[in-house]
Amino acid sequence: MKTIAIMNQKGGIGKTMTAASIAYLLGEEQGKKVLLVDADQQGNVSMLYDRYKPEGIGMSELLERHRSVGGSYKTTDLIQTTPYHNIDIITANGYLMRTNMNLLLNEKEDQILRFAAAMLEVQDVYDYCVVDCGLLLDMTVTNVLVATDLVILPVKIGGFEIEAIANMDEQLEDLRSLNNRIRMKILMTMRQKNQTSLQVEAWLKESSGQDCFVTAVRRSIIAEKATMQRVPLPKFSKNCIVTQDYRNVVTELLKDMEG
Ligand SMILES: Nc1ncnc2c1ncn2[C@@H]1O[C@H](COP(=O)(O)OP(=O)(O)OP(=O)(O)O)[C@@H](O)[C@H]1O
Ligand SMILES: [Mg+2]
């Protein structure tokens, strides 16, 4: 199982859209076994996959009450099926905020190794684990990064994206003593064709020194409609431009991960 974490400390830039779409296309179109993980207390990707429950069990229990830390849950107890082929999910909800606090206050040495330990149990069951991260580099996201092969950093042109990229680079550097295989790849999202966008895009691809997806995901109102309907975009619209772009992203991803 390869783990792909979608993260950026900026809000509303398409993290959840990217995680939900990639997971869907890998599972439904590419026939890969996918474990989708919600690592955001907002529970947005759980909602898109119709599994959100304010009181439900999932990520909080995985981090706090897994049997690897003396609790009673196995990883498989916390995995649910979704309405889609080959895609299972570990959900999140508001309790994750409390989990973050509990882990932060916990003096035990394993507090950032818990996700990695729990994932060992399903290592051979899934081809890909796709994680939708929250905004902060909190204890949940740190746990995820320890077990991550590839960080996809969605970038929306028009703000402080260069700072966000540098920031993320530094944080991954700090994690290298625990996970030396982690790498980062930038994905442009909500791309509009104006001069500024094209300039920043050219800089990112040619001069930034960062690994970058060739495909940039375009902006379309259809994406927002899919979010409002609470369904993964490729299910909502199989052939809209944004789904087409994500399909190309998945092709690039498979080439990158599987050669
Ligand atoms: N390519 C796109 N074109 C148009 N709208 C998009 C696109 N991608 C995402 N959106 C919309 O932008 C909004 C934010 O997207 P999303 O929820 O994926 O961002 P996020 O980074 O996960 O946000 P948060 O930081 O709150 O977790 C949503 O309404 C979504 O439908
Ligand atoms: Mg989100």
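Note that ligands are numbered from 1 as they come in the structure, with each ligand's atoms numbered from 1 the same way.
Of all protein heavy atoms, the one lying nearest to atom 13 (C) of ligand 1 is M190 CE, 4.6 Å. The nearest protein atom to atom 30 (C) of ligand 1, hydrogens excluded, is given as T227 OG1, 3.5 Å; this is a heavy-atom distance. Of all protein heavy atoms, the one closest to atom 8 (N) of ligand 1 is M17 CG, 3.5 Å. Of all protein heavy atoms, the one lying nearest to atom 11 (C) of ligand 1 is E224 CG, 3.9 Å. Scanning the protein for heavy atoms near atom 19 (O) of ligand 1, the closest one is G14 N, 3.0 Å. Nearest non-hydrogen protein atom to atom 23 (O) of ligand 1 is G12 N, 3.0 Å.
Remark: distances from the non-hydrogen atoms of T189 to ligand 1 are all 4.0 Å or more. Ligand 1 is approached by R218 to a heavy-atom distance shorter than 4.0 Å.
Between I13 and ligand 1, an N or O atom pair is found at a separation short of 3.5 Å. Taking any N or O of I221, backbone or side chain, none lies under 3.5 Å from an N or O belonging to ligand 1. The distance criterion of under 3.5 Å between nitrogen or oxygen atoms is met by K15 with respect to ligand 1. Residue V242 has no nitrogen or oxygen atom sitting less than 3.5 Å from a nitrogen or oxygen atom of ligand 1, judged on distance alone. Residue G11 has no N or O atom closer than 3.5 Å to an N or O atom of ligand 1. Geometrically, ligand 1 and Q42 share a nitrogen or oxygen pair separated by less than 3.5 Å. Not a single N or O atom of D132, backbone or side chain, sits closer than 3.5 Å to an N or O atom of ligand 1. In terms of N/O distances under 3.5 Å, ligand 1 is not approached by R219. Residue T16 has at least one N or O atom closer than 3.5 Å to an N or O atom of ligand 1.
At least one protein heavy atom sits closer than 4.0 Å to atom 4 (C) of ligand 1.
There is no side-chain donor-acceptor pair under 3.5 Å between Q192 and N194. With 3.5 Å as the limit, one finds a donor-acceptor pair spanning the side chains of D169 and Q210. For the 3.5 Å distance criterion, the side chains of T215 and D245 fail to qualify, holding no donor opposite an acceptor. Judged by distance alone, the side chains of Y95 and E55 do bring a donor and an acceptor atom under 3.5 Å apart.
Between E173 and R176 there is a salt bridge, with a side-chain nitrogen of the basic residue lying less than 4.0 Å from a carboxylate oxygen of the acidic one. Look at R183 and D256 and you find a salt bridge, because one of the NZ, NE, NH1 or NH2 atoms lies within 4.0 Å of a carboxylate O, short of that distance.
In M97, the CE atom is not crowded: 12 or fewer heavy atoms of neighbouring residues, nucleotides or ligands sit closer than 6.0 Å.
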Stepwise side-chain contact (heavy atoms from CB on, under 4.5 Å) check, M7 with L137: CA-CA 9 Å; M7 90 171 273; L137 190 72; 3.7 Å; yes
Derivation of the side chain to side chain donor-acceptor pair (under 3.5 Å) call for D38 and T91: CA-CA 5 Å; D38 196 343; T91 60; over 6 Å; no
Residues V214, E252; criterion side-chain contact (heavy atoms from CB on, under 4.5 Å); working and verdict: CA-CA 8 Å; V214 176; E252 278 190 58; 3.5 Å; yes
Stepwise side chain to side chain donor-acceptor pair (under 3.5 Å) test for N102 and E64: CA-CA 8 Å; N102 290 345; E64 290 194 83; 2.8 Å; yes
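Applying the 4.0 Å criterion to heavy atoms of L135 picks out, from ligand 1, the atoms 25 (O). The atoms of ligand 1 that sit less than 4.0 Å from any heavy atom of A223 are 2 (C), 3 (N), 4 (C), 5 (N), 6 (C), 7 (C), 31 (O). Which parts of ligand 1 touch D40 is read off a 4.0 Å heavy-atom cut-off, strictly below it: atoms 27 (O).
Note that the CD1 atom of I165 and the CE atom of M168 stand 9.5 Å from one another [nearest 0.5 Å].
Side-chain contact check for Y126 versus D88: some heavy-atom pair is nearer than 4.5 Å. Between N93 and Y52 there is a side-chain heavy-atom pair separated by less than 4.5 Å.
Residue S220 touches ligand 1 through its backbone alone, judged by heavy-atom distances below 4.0 Å.
At a cut-off of 2.8 Å, M17 does not coordinate the Mg ion (ligand 2) through any N, O or S atom.
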